Amino acid sequence: MRNLTRLLYDEREGVGIVSLNRPRKRNALDATMIHELDGTFTAAEGSQRIRVLLLRGEGPDFCAGADLAEMEKIAASEGPLENLAAAGDLGALLVRMRRLRKPIVAAVHGHALAGGAGLASACDLVVAADDATFGYPEVRLGFVPAMVTALLRRALGEKRAFELIATGEPISAERAVALGLANRVFGADGFQEAALEFAIELARRPGTALELNKRLLYGLDGASFEEAIRRGAEINALARLSEEAREGVRRFLDKQKP
């Protein structure tokens with residue numbers, strides 16, 4: 001990846017490691033970072049080497065949310081269409097992450113707040129350090145986590161989602177797992193190594209199966225039961241034709257031979 005000013009990028013054993021790199025700003029999301037994230041995810045999508053992406057943060061925090069100084073500057077100097085375009089860029093990134101064929105794992109340490117918590121929520125899996133804090137405190141500033149609400153409603157249901165966005169209360173890593181915001185909690189000591197090993201282990205799964213699982217899961221949004229079964233049958237048929245699946249079946253059958 002070239003010309004990155006807000007991110008670091010590395011690769012390890014099938015994992016593309018994307019690091020938010022504004023530690024002095026607590027990795028706040030500005031227009032440049034959003035643009036670079038979109039481009040980096042797009043480039044990784046086309047890489048034959050990468051099966052899984054790991055999104056992490058440099059410094060003491062994962063991401064403290066939107067760059068409020070930039071947001072205030074746009075609000076003060078630009079009209080409604082320009083503000084809509086700025087918000088739309090983040091929305092497009094969230095859609096890109098959901099449509100990306102390859103799974104994204106968020107490794108959350110320190111604070112993941114507001115847009116930072118939303119960025120983590122947009123990932124397919126979330127692992128958290130045991131001292132991590134999540135939160136959607138926008139309401140306390142008279143603001144709304146508008147686009148993130150679509151993610152929270154799907155992940156948590158209406159009552160839990162409204163509780164988080166209406167109170168703005170911080171959430172521990174353990175409670176994030178209990179609510180369904182996170183999948184695993186690892187100790188803060190050695191957290192980044194544990195998160196990377198989690199992603200590497202996921203990347204050892206057949207890539208075609210990972211992609212088809214993600215496509216099917218999110219493709220069921222709004223589908224009737226009958227439609228969900230039909231789509232499942234289609235994905236099943238595609239999976240059967242992949243060389244990885246055929247090789248896996250051959251290995252299984254060979255083990256069953258007397």
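This is a predicted model, so every value here is computed, not measured. Side chains included, hydrogens not; waters and symmetry mates left out as well; all remaining heavy atoms used.
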Report the hydrophobic cluster partners of [X], with the cluster defined as I, L, V, M, F, W, Y residues connected by side-chain heavy atoms closer than 4.5 angstrom, directly or transitively.
{"X": "Val95", "value": "none"}
{"X": "Tyr218", "value": "Leu217"}
{"X": "Phe225", "value": "Ile229"}

If the condition is salt bridge (Lys or Arg N to Asp or Glu O under 4.0 Å), which residues does [X] pass it with, not counting sequence neighbours?
{"X": "Arg215", "result": "none"}
{"X": "Glu158", "result": "Arg153"}
{"X": "Arg12", "result": "none"}

Legend entry - Euclidean distance, Glu193 CD relative to Phe186 CZ, rounded to 0.5 Å: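 Going from the CZ atom of Phe186 to the CD atom of Glu193 covers 12.0 Å.
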Side-chain heavy atoms of [X] within contact of [Y], under 4.5 Å:
{"X": "Leu55", "Y": "Val18", "value": "yes"}
{"X": "Leu202", "Y": "Leu210", "value": "yes"}
{"X": "Val126", "Y": "Phe134", "value": "yes"}
{"X": "Leu119", "Y": "Leu29", "value": "yes"}

Mind checking side-chain contact (heavy atoms from CB on, under 4.5 Å) for [X] and listing every partner two or more places apart, or none if nothing turns up?
{"X": "Val185", "answer": "Asp130, Ala173, Glu174, Val177"}
{"X": "Val148", "answer": "Tyr136, Pro145, Leu152"}
{"X": "Glu227", "answer": "Ala223, Ser224, Arg230, Arg231"}

Inset, instruction - Only pairs at least two apart or in different chains count here, so list each side chain to side chain donor-acceptor pair (under 3.5 Å) that has a residue in residues 47-60. - result: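 Sorted pair list: Glu11-Arg49, Ser19-Arg56, Arg51-Glu244, Arg56-Glu58, Arg56-Gln192.
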Legend entry - Pair listing, side chain to side chain donor-acceptor pair (under 3.5 Å) test, anchored in residues 96-106, at least two apart: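 Side chain to side chain donor-acceptor pair (under 3.5 Å) check on residues 96-106 returns Thr42-Arg96, Arg98-Asp221, Arg101-Glu211.
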Legend entry - Sequence neighbours excluded - salt bridge (Lys or Arg N to Asp or Glu O under 4.0 Å) pairs with any residue from residues 175-187: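 Salt bridge (Lys or Arg N to Asp or Glu O under 4.0 Å) check on residues 175-187 returns Glu163-Arg175.
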Inset, instruction - Please say whether more than 12 non-hydrogen atoms of neighbouring residues, nucleotides or ligands are located less than 6.0 Å from NZ in Lys214. - result: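 Yes, because the 6.0 Å sphere around NZ of Lys214 holds more than 12 heavy atoms from other groups.
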